[in-house]
J.: 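Supplied in structure tokens, the structure appears directly below.
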Amino acid sequence: MNTGPIGVFDSGVGGTSIWKEIKKLLPNENTVYLADSKNAPYGQKPQNEILQLSIKNTDLLLEKGCKLIVVACNTATTNAIDFLRKNYQVPFIGIEPAIKPAALKSNSKTIGVLATKGTLASSLFHSTSEIHANAIKIVEQEGIGLVPLIEQGKVHAAETRDLLEKFINPMLEEGIDYLVLGCTHYPYLIPVLQELLPEHVKIIDSGEAVARRTKAVLEKYDLNNLSDIRAKDQFYTNADTSILAYFLKDMRRAAELNYLDF
Ligand code: DGL
């Protein structure tokens, strides 16, 4: 069982930003990644549809023998993780916008959250925001259109830059000093964002925290892979494999990329 893979899923290629953090911390673990790009973006879909897609992804990862599942998607986490935890035996790790660290560090007491409609509308996001509502102001912005552009590999395109500028300018006018990236696709936009943001505005995402949590949960349930056999990483996409390859090009060794109709 302990040599079983860690399963990771996202609405597409974005969750690879989380997968990379997990792999950095846990190089010995086997992994299976599902990019449900055919159904991206999840962010504009009704909650029940996000839940059904999350169930489908979970069932496939369990068929592949996964011992733990990382929901590497803020939209799926905020809309489906409670159900998944109640209805399946394996441990689940989710990802939510990093409001807490941003709130604690902010000097201007004003932070921006860029996330999908599905995340910003979720009750989990509302309850987390409420906890901090007295101490800080949260400026929310739906990143409509960003996920489809990233899914086409258009990270450095002028249209992506223009859209980002449109989204962050109102936040800057409100005086944010932290920008929380509440979608796992957005870390790929950090180089562009850094060009657009003034130096005093810091960017926070949740990738490292998710990796640390994954490590802690593996230890808690005694699930660490102790085998000496070199770990295997399998990636499945139900869309164009070349896009997934583009986001994995900085990997040290070739990943196993497969098309699968799921
Ligand atoms: N990576 C997903 C997230 O974290 C993107 C959501 C979408 O597909 O709209 O929210």
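Every value quoted in this text rests on a predicted model; they were computed, and no experiment measured them. Counting starts at 1 for both ligands and their atoms, following the listed order. Starting from 1, each residue takes its place in the sequence as its number. Keep in mind that the numbers below use all heavy atoms, side chains included, and drop hydrogens, waters and symmetry copies.
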J.: Does any N or O in the side chain of Thr241 come within less than 3.5 Å of the main-chain N or O of Tyr259, such that one atom is a donor and the other an acceptor?
T.: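 Answer holds: no.
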J.: Glu151 side chain to Val13 main-chain N or O, any donor-acceptor pair under 3.5 Å?
T.: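 Here the side-chain-to-backbone pair exists.
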J.: For ligand 1, find each of its N or O atoms that sits under 3.5 Å from a protein N or O atom, and tabulate the pairs with distances to one decimal place.
T.:
{"unit_1": "ligand 1", "atom_1": "1 (N)", "unit_2": "Asp10", "atom_2": "OD1", "d": "2.9"}
{"unit_1": "ligand 1", "atom_1": "1 (N)", "unit_2": "Asp10", "atom_2": "OD2", "d": "3.4"}
{"unit_1": "ligand 1", "atom_1": "1 (N)", "unit_2": "Thr184", "atom_2": "OG1", "d": "2.7"}
{"unit_1": "ligand 1", "atom_1": "1 (N)", "unit_2": "His185", "atom_2": "ND1", "d": "2.8"}
{"unit_1": "ligand 1", "atom_1": "4 (O)", "unit_2": "Asn74", "atom_2": "N", "d": "2.8"}
{"unit_1": "ligand 1", "atom_1": "4 (O)", "unit_2": "Asn74", "atom_2": "ND2", "d": "3.2"}
{"unit_1": "ligand 1", "atom_1": "4 (O)", "unit_2": "Thr184", "atom_2": "N", "d": "2.9"}
{"unit_1": "ligand 1", "atom_1": "4 (O)", "unit_2": "Thr184", "atom_2": "OG1", "d": "3.3"}
{"unit_1": "ligand 1", "atom_1": "8 (O)", "unit_2": "Ser11", "atom_2": "OG", "d": "2.6"}
{"unit_1": "ligand 1", "atom_1": "8 (O)", "unit_2": "Tyr42", "atom_2": "N", "d": "2.7"}
{"unit_1": "ligand 1", "atom_1": "9 (O)", "unit_2": "Tyr42", "atom_2": "N", "d": "3.2"}
{"unit_1": "ligand 1", "atom_1": "9 (O)", "unit_2": "Gly43", "atom_2": "N", "d": "2.7"}
{"unit_1": "ligand 1", "atom_1": "10 (O)", "unit_2": "Thr75", "atom_2": "N", "d": "3.2"}
{"unit_1": "ligand 1", "atom_1": "10 (O)", "unit_2": "Thr75", "atom_2": "OG1", "d": "2.5"}

J.: Could you go step by step and tell me if Phe262 and Tyr236 meet the ring pair (Phe, Tyr, Trp, His ring centres under 6.0 Å) rule?
T.: CA-CA 9 Å; Phe262 62 95; Tyr236 294 92; 7.7 Å; no
J.: Restricting to non-hydrogen atoms, name the atom on Gly118 and the atom on Asn79 that form the minimum distance, rounded to 0.1 Å.
T.: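 For Gly118 versus Asn79, the nearest heavy atoms are O-ND2, 3.2 Å.
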J.: Using a cut-off of 6.0 Å, state whether more than 12 heavy atoms not belonging to Asp222 lie near its atom CG.
T.: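 Not more than 12 within 6.0 Å, no.
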J.: Could you list the residues that satisfy side-chain hydrogen bond (donor to acceptor under 3.5 Å, both in side chains) with Asn39, not counting sequence neighbours?
T.: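 In terms of side-chain hydrogen bond (donor to acceptor under 3.5 Å, both in side chains), with neighbours along the sequence ignored, Asn39 is linked to Asp36.
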